[in-house]
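Notes to accompany the following structure.
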Amino acid sequence: MVTLATRVQAPWQDAHFVGGHPALDLTNTVYDRHHPVEDGELLKDPSDVLTWCVSAGLAGTAPADTVPALTGADALVPEVRVVREQAWAVFDAIAHGAPVPPEPFGLLLERAGAGVRARQVEPDGAAPHRFTTDWSAPGAIPAALSLLVVNAVFTLPHDRIRACGRCGWLFLDSSRGGRRRWCSMSICGNREKARRHRQSRAPQ
């Protein structure tokens with residue numbers, strides 16, 4: 001299991017990293033998959049993307065002046081969102097016992113391969129979830145995240161990938177009995193308990 005970063009950078013909080021693996025945490029950068037909320041998007045600008053990569057433990061510490069220096073920064077956020085949604089389609093299918101969907105997985109493979117061929121992304125052989133990225137190269141970060149997702153598809157135990165029963169966020173169930181149901185017991189778990197309590201007290 002990947003160890004999460006210990007220094008989460010603003011605007012991110014520990015509660016945003018409950019997936020147990022950065023590839024799953026990436027899919028959770030939008031609020032409530034089951035009931036989308038207004039302004040639920042968490043990746044709003046290039047700075048959000050960079051601080052997320054650092055907070056997830058993927059990229060060490062990005063220079064403070066990285067965002068202004070990014071070539072094609074305007075395209076960064078929509079491209080990362082595309083990668084996120086492709087990753088979500090893949091892992092949500094796995095979480096529900098379905099085969100890996102070929103179209104989103106194939107697109108992730110293509111993007112990751114293009115980044116590696118262009119030497120924009122160089123995997124760290126000692127730590128497959130880490131990579132060296134040319135921050136200023138267009139498409140490098142989406143390619144690196146695609147590589148992260150592809151690696152996770154092949155290495156994570158599919159029978160332990162879960163979708164939260166309340167919000168749909170994805171997580172790796174590392175509990176002994178494999179019966180974890182919520183992305184966070186303190187958030188979705190407690191909200192579900194409160195909902196059931198209200199139902200039990202409602203007039204019949």
>> Run Leu145 and Leu58 through side-chain contact (heavy atoms from CB on, under 4.5 Å) and show every step you take.
In response: CA-CA 9 Å; Leu145 295 176; Leu58 300 178; 3.9 Å; yes
> Roughly how far apart are Ser55 OG and Phe17 CZ, rounded to 0.5 Å?
Replying inline: 4.5 Å
> Quick one: does Pro157's side chain get under 4.5 Å of Leu172's, heavy atoms only?
Replying inline: yes
> Between the main-chain N or O of Arg166 and the side-chain N or O of His34, is there a donor-acceptor pair closer than 3.5 Å?
Replying inline: yes
> Is the closest basic N to carboxylate O distance between Arg33 and Glu85 below 4.0 Å?
Replying inline: yes
>> Would Val149 and Trp88 count as a side-chain contact (heavy atoms from CB on, under 4.5 Å) here? Give the steps.
In response: CA-CA 10 Å; Val149 172; Trp88 181 80; over 6 Å; no
> Could you go step by step and tell me if Thr29 and Asp25 meet the side-chain contact (heavy atoms from CB on, under 4.5 Å) rule?
Replying inline: CA-CA 7 Å; Thr29 55; Asp25 286 324; over 6 Å; no
>> Less than 4.5 Å apart, side chain to side chain, heavy atoms only: is that true for Leu156 and Asn151?
In response: no
>> Would the distance check show the side chain of Asp173 and the main-chain N or O of Arg162 forming a donor-acceptor pair, the cut-off being under 3.5 Å?
In response: no
> Given the rule that I, L, V, M, F, W and Y join up when any side-chain heavy atoms are under 4.5 Å apart, are Leu148 and Phe154 in one cluster?
Replying inline: yes
>> Ignoring hydrogens, what is the shortest heavy-atom contact between Ala56 and Pro22? Give both atom names and the distance.
In response: O-CG, 3.9 Å
>> Tell me the closest heavy-atom pair linking Ala152 and His21, and the distance in Å.
In response: CB-CE1, 3.6 Å
> Just how far is it from atom CG of Asn28 to atom CZ of Phe171, taken to the nearest 0.5 Å?
Replying inline: 10.0 Å
>> Restricting to salt bridge (Lys or Arg N to Asp or Glu O under 4.0 Å), what partner residues turn up for Glu41, sequence neighbours left out?
In response: Arg81, Arg84
> Has the side chain of Trp169 got a donor or acceptor atom that lies under 3.5 Å from a matching backbone atom of Trp182?
Replying inline: no
>> Starting from Leu107, can I reach Val90 by hopping between I/L/V/M/F/W/Y residues whose side chains sit under 4.5 Å apart?
In response: no
> Is a side-chain N or O of Asp48 found less than 3.5 angstrom from the main chain of Lys44, in a donor-acceptor match?
Replying inline: yes
>> Using side-chain contact (heavy atoms from CB on, under 4.5 Å), reason through His158 and Val100 one step at a time and then give a plain yes or no.
In response: CA-CA 10 Å; His158 286 196; Val100 173; 4.3 Å; yes
>> For a quick check under 3.5 Å, do Thr51 and Trp12 share a side-chain donor-acceptor pair by atom type?
In response: yes
>> Distance check, rounded to the nearest 0.5 Å: Cys164 atom SG versus Arg180 atom CZ?
In response: 8.5 Å
> Do Phe91 and Val82 share a hydrophobic cluster, counting only Ile, Leu, Val, Met, Phe, Trp and Tyr and linking them when any side-chain heavy atoms are less than 4.5 Å apart?
Replying inline: no
> Hey, does the side chain of Arg176 reach the backbone of Arg179 with a donor-acceptor pair shorter than 3.5 angstrom?
Replying inline: no
>> Restricting to non-hydrogen atoms, name the atom on Pro46 and the atom on Val77 that form the minimum distance, rounded to 0.1 Å.
In response: N-CG2, 3.4 Å
>> Side-chain heavy atoms nearer than 4.5 Å, only ILVMFWY residues, links allowed to pass through others: does that put Val153 and Ile161 together?
In response: yes
>> Could you report the tightest heavy-atom contact between Ala95 and Leu170, atom names first, then the distance?
In response: CB-CD2, 4.2 Å
>> For a quick test of reading the model, state the closest non-hydrogen atom pair linking Gly115 to Ala143 and the distance between them.
In response: CA-CB, 3.7 Å
>> Quick one: does any side-chain atom of His96 pair with a main-chain N or O of Ala93 as donor and acceptor, under 3.5 Å?
In response: no
> SG/Cys53 to CG/Leu26 distance, rounded to the nearest 0.5 angstrom?
Replying inline: 8.5 Å
> What heavy-atom pair brings Val83 and Pro142 nearest, and what distance separates the two atoms?
Replying inline: CG2-O, 3.8 Å
>> Just verifying a value: how many Å separate Leu43 CG and Trp52 CH2, rounded to the nearest 0.5 Å?
In response: 8.0 Å
> Does the side chain of Gln86 come within less than 4.5 Å of Glu103's, by heavy atoms?
Replying inline: no
> Is there a chain of hydrophobic side chains (I, L, V, M, F, W, Y, each step under 4.5 Å between heavy atoms) that links Leu50 to Leu42?
Replying inline: yes
> How would you list, by chain and number, every residue that makes a side chain to side chain contact (heavy atoms under 4.5 Å, CB included) with Pro36, sequence neighbours excluded?
Replying inline: none
>> Quick check for you: to the nearest 0.5 Å, what is the distance between Thr27 atom OG1 and Asp92 atom CG?
In response: 8.5 Å
